[in-house]
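One structure is given here, and the rest of the page talks about it.
Keep in mind that the numbers below use all heavy atoms, side chains included, and drop hydrogens, waters and symmetry copies. In what follows, chains carry the letters A, B, and so on, assigned in the order in which the sequence lines appear, proteins first and then strands, with residues in each chain numbered from 1. Because the structure is predicted, anything quoted here is derived from the model rather than measured.
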Amino acid sequence: MRLINKTPARAGAVFLAALPFIVIAIAYAIGSDIRLSANPQDKLLPAPSTIWDTAVRLFTEPDKRTRDILLWKDTWASLIRLGVGVAVSAVISLTLGMVIGLLPYARAGLSGFVAVLSMVPPLALLPILFIVFGLGELSKIVLIVIGITPFMTRDLAQRVLDIPREQIVKAQTLGASSGVIALRVALPQILPRLISNIRLSLGSAWLFLIAAEAVASNVGLGYRIFLVRRYLAMDVILTYVMWITLLAFVIDWALRRLSRRAFPWMEAGL
Amino acid sequence: MRLINKTPARAGAVFLAALPFIVIAIAYAIGSDIRLSANPQDKLLPAPSTIWDTAVRLFTEPDKRTRDILLWKDTWASLIRLGVGVAVSAVISLTLGMVIGLLPYARAGLSGFVAVLSMVPPLALLPILFIVFGLGELSKIVLIVIGITPFMTRDLAQRVLDIPREQIVKAQTLGASSGVIALRVALPQILPRLISNIRLSLGSAWLFLIAAEAVASNVGLGYRIFLVRRYLAMDVILTYVMWITLLAFVIDWALRRLSRRAFPWMEAGL
Amino acid sequence: MAQEKTDFKLAWSIYVGWMPWGYLEDSGIMDKWADKYGITVDIVQINDYVESINQYTAGEFDGVSATNMDTLSIPSGGGVDTTALIIGDYSNGNDAVILKGEGTLADLAGKPVNLVELSVSHYLLARGLDTVGLSEADLDGVINTSDADMIAAYATDDVEAVVTWNPLVSEIMGSNPDATNVFDSSQIPGEILDLMVVNTETLAANPDFGKAVVGAWYEVMSLMAAGDPEALTAMATASGTDLAGYQAQLGATEMFFDPAAAVAQATSPDLPATMVSVAEFLFDKGILGEGAPSADYVGVAYPDGSTTGDAGNVKFRYDATYMQMAADGAL
Amino acid sequence: MSFVQVRDLWQAYGDRSILERVNVDVAEGEFISIVGASGCGKSTFLRMLLAEERPTRGSIRIDGGEPALEPNRERGVVFQKYSVFPHLTVRDNLIAGQSFGTRWGALFGGAKAAARANADDMLAKIGLNHVADQYPASLSGGMQQRLAIAQALIAKPRVLLLDEPFGALDPGTRVQMHEFLQALRDETGMTVFMVTHDLEEGFKLGDRVLVFDKPRWDPHDPGAYGATITYDFDARDGGIPFQHLNPPTTKDITDAL
Amino acid sequence: MSFVQVRDLWQAYGDRSILERVNVDVAEGEFISIVGASGCGKSTFLRMLLAEERPTRGSIRIDGGEPALEPNRERGVVFQKYSVFPHLTVRDNLIAGQSFGTRWGALFGGAKAAARANADDMLAKIGLNHVADQYPASLSGGMQQRLAIAQALIAKPRVLLLDEPFGALDPGTRVQMHEFLQALRDETGMTVFMVTHDLEEGFKLGDRVLVFDKPRWDPHDPGAYGATITYDFDARDGGIPFQHLNPPTTKDITDAL
Ligand SMILES: Nc1ncnc2c1ncn2[C@@H]1O[C@H](COP(=O)(O)OP(=O)(O)OP(=O)(O)O)[C@@H](O)[C@H]1O
Ligand SMILES: Nc1ncnc2c1ncn2[C@@H]1O[C@H](COP(=O)(O)OP(=O)(O)OP(=O)(O)O)[C@@H](O)[C@H]1O
Ligand SMILES: [Mg+2]
Ligand SMILES: [Mg+2]
């Protein structure tokens, strides 16, 4: 039988899905053990038990000085920045995308500009951003916005253009003005795409957040990673990396669910 | 007449396309002028003429010590890293994507793993990369690879899955083995998608490249930007940012052309 | 001309000699002194040192903790007239050239060196190479490496030598038995000065600002001189180490606990020579900017009124007045 | 005077002529079928009737009015595909037919209730009341086209334009749709233009069948000349004309005198 | 013994029965049309003939062989859509029909030239030689399906399976395709199974017409029972059986004796 026709049974599939994670865990444990037996003070690959202890400590023990649990404070700060940045980008790109997609005049004026903007490397602009927008929350949010908005705008504009011409014409024959077409034909059909766009852009958003927090901040997940990087506290870094991965996963999952719930008409055909 | 039905004439469209760039240039010139009249030595917003002089110097004048023109050296170094990183990612993601998309066993084992990998923030892993892969070219390339491969793999696997089942069945009725189906049915249809995937990922690739060069390097576009940040040489930074934007634009355009040329069957329907 | 105002902002970043700034803010000592003069002073910690100076240069802050070298290159070179309000310490072993394995400074020839380019580390390396008759061209290049990744960098095989500062120096020396300190700042005493610099115009318009900051600083200095465990522990934690580790770092720092000692440093006859050598280094690296026709393009003024460099373009001033007030107990 | 008046209509894209010298008069309430080879310009003609495009030359007037600049409520349309809004339920699609002309594209209060009742009446008439709350994607192709036609009609257009409305349906469904359309039309007396590929369908449904073709042909430059109406059949009464020319009754004669 | 032998075939997805107790015997060279309501399981039956799916119970044997585990060269197939490879030119699609069975899916040297000649012959036969170097996307729907059928045939399958092959074509093209298919079949004498929605088409092309329907029906649980073959019409000679039962000639009788 051809390989492409061979399907694992349910139990096999679960095992297979777990396999790569198990392999990595074992490889890590062995690597860590080798290094630690050579140099017990090695910080690069802390023993899994050390990571676990560190994780427990980070999640539960409050900081002596401030009485806050730093990890939660960092998480909170970062998520707020991420949320605001992504929300602002969503609003801007939705508006611009609709305008560019619907109005030929706006398209002529803005689509080239947005295309060029989307090629500007935002990290290279970081120094400028900090100087223009200061070191507060604003510049971090602006970095996220600058980083992900042009791409989202381009994609949404394209999606608006992809709405079958027939629908736009039909709406006009029903007497719809440009505003009504934007609001009642284009907007609802573009919203699910906005969500999948946000899902796509979240990876970059995290990246920009971490980069911005690394440079200027006193709280946040990226800040903490950057801070302890100086001392090579890999147990803390790994805990934070796994925590960020988990957060990213949960956010992605939540958005996917939201999309399913909010736009039943997309699934109706299935 | 509705706004959505109003179309600019050709001349108007050209003017409109140029408008945002002109507005930005004028706004910059005014801002720069205001700051410079307050402090003639201000480095934050150098006069457009200064930027022009700097750009000319950067592009033409060799470094005193090494006799190289630094900008070209930086460009060359960065492009090589980018090119190798993207090429490696392309090969890996193409292979993995095909395997995951075609073989149910591989799908069961790897798709969850790749999904989790794509959520890991690569920037946070930078210290680990440096230690494992050294400070040389390798770690920069690995950062790019780690940064963009999971996303590309997921997308390509999905595209392989999107190949109509009918085609796969048809190939089997023509006697094709799994290998032939991969090589002669899936691969050619996935290649154009690979290119658009590369185009999508290039933004992130630049990002990772700049981040890696900022951390440890002695040549490269990102290195230079972060180095001259030390003395706020905004004229240099702006020149480099515009240069990177131009490079990104040209690469994107070249890939789009390549795709059109290489895959005539995608356009044949139009 | 800067106006009189009552709200001020200072920026600082993590470094042994600057840890008191964080303590000043957290302990309320700064507020106490600010209240005394009827002003407020906000002290903000910034993760990235260069960014903090850039922000000051762009006008976001009224003052920033910086070294003499970076003050000359970034704000003064950028036309922002800047005054060194406090000389906190000089590096006395805090910055070091570290070689992997046995060897001496001369063994650097033909090897790559990892450091934060254009920083005091770079300057230290240049000064060190001078002493053994080498120049940067004799090395296999310098590789710009972020200070945050210096420890990780040292752990990799490609790296043969690094130049960096504390707490990274002690971290590297402590966890790598094969690391050799081949040259450090104790061999160029008084050349790497850690300052609190403020905008000259702001200071001139608001002398109370200077008084409050200097008064608060020396209150903490006296606590540190007395070995106050609470203050030292707080600083140690904030810098990511423990009390013993922090004290070890302090050992390599010549802190001017006594304002009189700082005044002495500011008025030291060696200072102009140091600044000239720093300016030459900066010019040599092209850091003074395009407008700089020569190394003495930016003028530096000293407490006695003398200057080095271009006397018509003085942008960097050493001012001992406020430290002198502290020494006299006049604050 | 005729209701729809097409005068000397030309259309060219670049230097490719598509239509030339199209002239036709249509009375109110007539059902016009349009047939012709693929690519000859049938859809182009319909787009001009719709005012989605403006002709290079000539004019189209409805009821003697000015030529329209863009699609409006006078002209209803149903395309082969994408004629309903996928994000609205079946009922909301019909409500949209009544509400899109308002300021915000939505109705409130009493007007909303009235539109809803109206929509439900229409749904009952077209036999879709059992799927009122479903989304179009879950409907069969035939049901979608029924909905599309109802949606166009509920906005009370003066002419209805159909571009191969049944082209994507299978033969059985097609026959049902013919009956549906005929019944609707008998009821409303709407003026209809329908493009179709299927000659039989055209003759079955239309009062007149217009055939588009190129009367001139340059073998060296196929794009040089455009198509026009080459035949205009009377398709009433099975295509046999003069059936109504019954001999006058005595009453007719006395009335006339 | 019959050529295709379907014995007590059941198919269920989860606890939904789709097909049950399907038995049928087909002689070599017969053309079987399959009709039935939408969703009754016609395509499912075809997928099992194709060995794309395996039945929950029962078996399908071709020429007495073992039931197949997966699609293979014995069974050619044409679907309504996506039956040709969009990235290959028309000619290469036909070459693929000959080369995909090799180790690398490609032919070299003499074999390649032979396959090419073969493909060109076939192209001439199906009237597509003028578009040999074009890609399928630039072909009309009817041309694509002609190519798909030719591609399936060029691999010389023992049975040909068609799932609504003309479902997406317009009526005129459909009639042409019927002629094309009949001509091809007369030539090859292939055993064919064709699913269609169009009864007329089924009777026109098929030797036999199988009707799938649910013989049992539980109103409380519509998924409880599956469909099976409820009628098996002989469609030869316009559906009028026994036409060939001509009275025996004297020769027949003497031969028999
Ligand atoms: N916007 C346009 N720009 C350029 N050419 C066009 C445009 N729209 C249509 N054409 C061309 O005009 C010709 C007529 O197109 P049209 O769609 O009206 O044909 P049709 O009779 O409706 O064909 P079909 O039966 O295939 O729908 C075609 O050759 C087409 O390529
Ligand atoms: N893989 C599957 N899993 C679950 N249910 C399926 C699967 N394939 C088909 N079905 C269901 O089986 C039933 C029969 O499907 P099938 O496609 O065979 O019908 P059909 O007779 O070909 O219909 P149509 O005329 O619409 O093509 C349908 O109700 C379908 O939903
Ligand atoms: Mg058409
Ligand atoms: Mg089917």
**Request:** Could you walk me through whether C/N144 and B/N218 pass the side chain to side chain contact (heavy atoms under 4.5 Å, CB included) test, one step at a time?
**Result:** CA-CA 6 Å; C/N144 186 34; B/N218 57 0; 5.9 Å; no
**Inter-residue atom distance C/D158.CG - B/S139.OG, 0.5 Å rounding** = 8.0 Å
**Asked** When rounded to the nearest 0.5 angstrom, what distance separates CD1 in C/I143 from OH in B/Y223?
**Response** 9.5 Å
**Request:** Tell me, for C/V142 versus chain B, whether the close heavy atoms (under 4.5 Å) come from the side chain, the backbone, both or neither.
**Result:** backbone
**Prompt:** In terms of heavy-atom proximity below 4.5 Å to chain B, should C/N313 be classed as side chain, backbone, both, or neither?
**Reply:** side chain
**Item:** Contact leader toward chain B among C/G78, C/A155, C/P112, C/A153, where contacts are heavy-atom pairs under 4.5 Å
**Value:** C/G78
